[in-house]
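Heads up, the thing below is written out as C-alpha cells.
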Amino acid sequence: MTDYTKPARVRVAPSPTGHMHLGTARTALYDYLLAKKTGGKFILRVEDTDLKRTVPGAEQEIMDGLRWLGLDYDEGPDVGGAFGPYRQTERREIYQQHANILINKGHAYPCFCTPERLDKMRKEQQARKESFHYDGTCRRLNPDEAARRVANGEPHVIRFKTPKEGVTIAHDHLRGDISIENKNIDDYVIIKTDGLPTYHLAAMVDDHLMQVTHVLRGAEWLSTFPLHVNVVRAFGWDEPVWIHLSVFLKPSGKGKLSKRDAEHAMKDGYSVFIKDMEELGFIPEGVLNWMALMGWGVPEDDVMSLDEMVERFSIDSLTPSPAAINFTKLDHFNGTHIRLLSDADLTARVKPFFIKAGFSVNDDLLLKISPLIRERLVTLDDCIAFAGFFFQDVVEPIPDELIAKGLDAKQSAAIARKAYEILSALPDLNHQTTEPPMRAYVEQSGLSANQVFGILRVAITGQKVSPPLFVSIAIIGKEKSLQRLKKAIEILEKM
Ligand code: GLU
C-alpha cells in the first residue's frame, strides 16, 4: 500500500505541440489528486524542446485549460517556484551539463554520423527486415578523439550508451516489473544537433532536479521506459514511482483514439480537446468526474466533486486497462453536476450562452429562469432551446403544433380565445392567479388539461416542451403573454 503521509511532488509535463487533449488533462487530474491528498505539490512543466513541433499559443492553452478545470498548479512557468525555470528551453545548459556528466561517466558519447549516413543505414536495415537501431559506429570512437572533434565544432548529437549485455528491469506501479534485454534497447539520442535535449534526457534530469516523487504519464512511454530507468540509474539517482496510465480507446472500444476520432467527436457536439469543452456547454465538474473514472477503478457512476476525489484517490486503484471514450457518460456526468449547482452559480454559467445567442439578459429574470430549466440541461448550451423564448420579443409557433390532439384548428382557436379572455381579465398574471381559473375552465369544458394547456404552452412559449407553464407565463408577464396568445389565435383562425 502506498504511503500517503509523505508529501508527493508530481508534475504534468505536456509538450506545446497542439491542442491540450484529454490525456494531458487526465494526467493532470491524477497528479493534482495525489498532490492534494498528500499535502504535496503539483507542478506544470512545459516540455518545449522540439522546436519544429512547437505551436504558438499551445502553452497558453494548456495553462488556461488547467485553470478552467480547476487544477491549479503550485509551480509552473507563469507562477514560478523554487525549482524553475519550468520551461525546458530555458534549461538548456542544465541538460548540457548533465549530458557531459554521462559522457564523463562513460554512459554517453557524441555521435557525428550524418543524416545521410543514418538514412542509408535505416534503408539497409529495412532491407534486412531489421528494426531500426543505431549501429554503434561512434560508440567505438576513442573518447579523446571524440572530444577533440566536439571542440572543433563538428556537428554532432549525444547518444546514451545502453549496456550491450544483461537485462533491464523497470518497475511500473500498476504493471509490476517489465524486463527487457539490453541488446534490444537502442543508443537513443539524448542531445540533438541543435544542442537541445530529447525527452529521454530532459524529463529524467528535470524529474530528479524538481524532486518529483511520482511520474504519471501516458502508456505510450512504456516502450522507452527501460531506457529511462537506465538513464536515471546511470546518474546514480533514486527512481520516482513510475505510473503509466491507461490508453484511451475509440468510442467503439476498437483501437486507439485517433485524430479522426477527434474530428468525428466534434461533429456530434463533443470534443477530446479541453479548449472546446466550455463552448460545448460542459462544466469542469462534469468533465473532471468523467475523466477521473477513465483509468481509476471506482464504480463507474460515482458522482464526485474534486474534493471528494481527493478524499478517495489512491494510486493503487488506478488501472492499466485501456479506457474507451464514452461521450454518453460525459453527458451523464455533466447533467448530474449541473443539477448540483446553486441557482446563482447556474445562472452565472448559463448567462454567456444567452448573450452569445444574441439575447439581452436581465440578471434577476435569469435567476428566476435557470432553476426552472436545470433538470433538463445536459450541457449548458441547451438553455437556449429550453428557455430562449423568455427573452425573445416574439415566438414563432409551428401552426400545426397549436392544434390540440383530437381537435381541429377551429376548436383550438376557440380554446385559445377562451384562455385569452380568462387571462386578460386578471389584474396580474402570476402562478397563483392564473392556474385556478384555467383549471376551472378545463373542468367545465370537458376538455383535457393536456389539450388546453398544450395550446397555451405552444402559443406562449413557441414550443411543445417548456418549463412549468404558469410559472413561465408569470415570468413572461401579462402584456407579452397576451400578445403571443393573440398571435396564436390569428394563426389558428387562418388555418
Ligand atoms: N512531454 C511529454 C508528452 O507530452 C511528457 C510525458 C511525461 O509526462 O513524462 O508526452
Side-chain angles (χ1 to χ4, degrees), residues 8-35 41-55 57-63 65-66 71 73 75-77 83 85-92 95 170-175 178 188-190 192 196-232 237 239-248 256-259 262 272-275 291 295 315 318 320:
R9 286 183 56 83
V10 277
R11 87 302 188 276
V12 64
S15 300
T17 52
H19 294 306
M20 177 186 180
H21 53 75
L22 282 177
T24 304
R26 185 188 57 174
T27 305
L29 170 61
Y30 294 157
D31 282 334
Y32 177 92
L33 297 179
L34 183 59
K41 295 281 184 244
F42 169 43
I43 304 158
L44 168 64
R45 183 173 74 223
V46 176
E47 302 206 325
D48 57 351
T49 60
D50 192 344
L51 301 181
K52 276 192 244 103
R53 293 183 57 223
T54 297
V55 172
E59 177 183 308
Q60 191 58 45
E61 189 182 312
I62 294 162
M63 302 199 240
L66 291 173
L71 303 177
Y73 37 93
E75 299 171 25
F83 298 83
Y86 293 92
R87 212 175 266 122
Q88 287 187 326
T89 45
E90 293 166 20
R91 301 170 63 81
R92 186 188 270 259
Y95 308 122
H171 186 81
D172 173 83
H173 188 73
L174 309 180
R175 294 164 170 83
I178 295 166
Y188 282 85
V189 172
I190 55 173
K192 299 173 287 180
L196 281 166
T198 58
Y199 173 82
H200 311 309
L201 178 69
M204 301 313 119
V205 168
D206 288 346
D207 287 338
H208 172 73
L209 296 179
M210 295 180 181
Q211 297 177 12
V212 168
T213 55
H214 299 73
V215 169
L216 282 74
R217 60 181 187 175
E220 68 270 23
W221 295 107
L222 276 169
S223 61
T224 41
F225 181 27
L227 163 71
H228 300 151
V229 302
N230 278 332
V231 171
V232 173
W237 296 333
E239 285 176 56
V241 175
W242 302 95
I243 301 173
H244 295 88
L245 299 170
S246 62
V247 174
F248 286 123
K256 270 180 73 175
L257 195 72
S258 71
K259 264 213 166 115
V272 296
F273 301 123
I274 300 305
K275 70 166 178 75
M291 280 189 327
I315 51 169
L318 291 177

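Computed from a predicted model, the values in this text were never measured in an experiment. Every number for a ligand or one of its atoms is a count from 1 in the order of the listing.
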Ligand-side contact atoms (ligand 1) for residue partner Glu47, heavy atom cut-off under 4.0 Å: 1 (N), 2 (C), 5 (C)
Any N/O pair Ser15/ligand 1 closer than 3.5 Å: yes
Nearest neighbour in protein (non-hydrogen) for atom 6 (C) of ligand 1: Trp221 NE1, 3.3 Å
Derivation of the side chain to side chain contact (heavy atoms under 4.5 Å, CB included) call for Glu239 and His171: CA-CA 10 Å; Glu239 285 176 56; His171 186 81; 5.9 Å; no
Exam field: side chain Gln211 to backbone Arg9, donor-acceptor pair closer than 3.5 Å: no
Ligand 1 to Pro14 polar contact by distance, N or O atoms, under 3.5 Å: no
For Arg217, atoms of ligand 1 separated by under 4.0 Å from a heavy atom: 7 (C), 8 (O), 9 (O)
Residue and atom name of the nearest protein heavy atom (relative to atom 8 (O) of ligand 1), distance in Å to one decimal: Arg11 NH1, 2.8 Å
Residue and atom name of the nearest protein heavy atom (relative to atom 7 (C) of ligand 1), distance in Å to one decimal: Tyr199 OH, 3.3 Å
Parallel, tilted or perpendicular, as decided by the 30° and 60° cut-offs, for the rings of Tyr73 and Phe42: perpendicular
Lys NZ or Arg CZ of Arg26 over Phe248 ring: under 6.0 Å, within 45°: yes
Nearest-neighbour protein heavy atom for atom 5 (C) of ligand 1, which is reported as residue plus atom name and distance: Ala13 O, 3.0 Å
Identified side-chain hydrogen bond (donor to acceptor under 3.5 Å, both in side chains) partner of His244 from the options Arg175, His173, Arg217: Arg217
Ring geometry between His200 and Tyr188 (parallel below 30°, tilted from 30 to 60°, perpendicular above 60°): perpendicular
